[in-house]
Q: 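Below is a structure I'd like to ask you about.
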Amino acid sequence: MTLLTTWPESGPETVVRRTSEPAEIASALAPLGVRYEQWPVRDDVPADADSDTVLTAYRAEIDRLTAAEGFATVDVVALHPSDDPGFAGKAKAAREKFLEEHTHDDDDEVRFFVAGSGIFYLHVDGEVHAVLCERGDLLGVPRGTTHWFDMGTRPAFTAIRFFHEEDGWIGSFTGSGISRRFPDFDTIAAQYAEYAEYPA
């Protein structure tokens, strides 16, 4: 279940919107220029599948989106819990790279979740929109949109990334500190099951 939560930028004390309905999520994000859609999931693709397997499985969808939007580069990024002693440090470094508010000046940020989950926080027009994306969700954040991403303290996801620029991910950080004022991935994930059982 995907979940969209919207607060005023002043803080999370007031919830402006909370919904798990895909049509409502798409409708709420569309005026922001944010693409949200769901692709059919491939049950024969394991969560820890390698890049070639993922790209082959979703080739039809990738080709359709690439042709429509003119993407130059498509790749796969994955991070899953491991018994490797270095996993905690690797996970912390990966999380901190995206946790502060930033923009992309020359590219959109488009991700399709093959497995696992993560939260994109969009800071637009005086509001913060937290989009909890899960398997089957595609989210496209337009260039210039202030946002951040949280994968949690124990990341578990596989995602296909689309880039117009061959240089890949380049962020311009705002230095605002706003991301520290809103519930993080772990907090929202902890509330997730309760909302799923007792939706507002």
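Below, all heavy atoms of this structure are taken into account, side chains as well, without hydrogens, waters or symmetry copies. As the structure is a computational prediction, the values presented were derived from the model and not from experiment.
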Q: Could you report the tightest heavy-atom contact between Asp150 and Phe185, atom names first, then the distance?
A: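 The answer is OD2-N, 2.7 Å.
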Q: Taking the six-membered ring for Trp, are Tyr58 and Phe112 closer than 6.0 Å centroid to centroid?
A: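 Close enough - the centres of the two rings lie under 6.0 Å apart.
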Q: What heavy-atom pair brings Ala91 and Thr153 nearest, and what distance separates the two atoms?
A: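 That would be CB-O, 4.5 Å.
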Q: Mind checking whether Phe98 and Trp148 have ring centres under 6.0 Å apart?
A: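 Ring-ring flag for Phe98/Trp148: false, centres at least 6.0 Å apart.
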Q: Between Arg180 and Glu100, does any NZ, NE, NH1 or NH2 come within less than 4.0 Å of an OD or OE carboxylate oxygen?
A: yes
Q: If I compare all heavy atoms of Gly136 with all of Val41, which pair ends up nearest, and what's the gap?
A: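 Where Gly136 meets Val41 most closely, the heavy atoms are CA-CG1, 3.5 Å.
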Q: Please say which of His147, His102, His123, Glu101 ends up in a side chain to side chain contact (heavy atoms under 4.5 Å, CB included) with Thr174.
A: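 Only one option passes, and that is Glu101.
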Q: Just checking Asp125: does its CG atom have more than 12 heavy atoms from other residues, nucleotides or ligands closer to it than 6.0 angstrom?
A: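 At most 12 heavy atoms, drawn from other residues, nucleotides or ligands, come within 6.0 Å of this atom.
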Q: Between Glu69 and Arg35, does at least one N-O distance fall below 4.0 Å, as a salt bridge requires?
A: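 Judged by the 4.0 Å cut-off on N to carboxylate O distance, Glu69 and Arg35 do form a salt bridge.
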Q: Locate the shortest heavy-atom distance separating Ala78 from Thr158; write the atom from each residue and the value.
A: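 Reported closest heavy-atom pair: CB-OG1, 3.6 Å.
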Q: Salt-bridge test for Arg59 and Glu61: reply yes if a basic N is under 4.0 Å from a carboxylate O, no otherwise.
A: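 No.
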Q: Could you tell me whether Arg161 and Asp107 have a side-chain N and a carboxylate O separated by less than 4.0 Å?
A: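 Salt bridge: no.
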Q: Kindly give the heavy-atom pair with the smallest separation between Val45 and Ala57, and that separation in Å.
A: CG2-CB, 3.4 Å
Q: Would you call Glu37 and Arg64 a salt bridge, using N to O less than 4.0 angstrom?
A: yes
Q: Drop me the distance from Thr146's OG1 to Glu9's CD, to the nearest 0.5 angstrom.
A: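 Answer rounded to 0.5 Å: 9.0 Å.
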Q: Of the non-hydrogen atoms in Glu21 and Thr19, which two are nearest, and what is the gap between them?
A: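 Glu21 and Thr19 have their closest heavy atoms at N-OG1, 3.1 Å.
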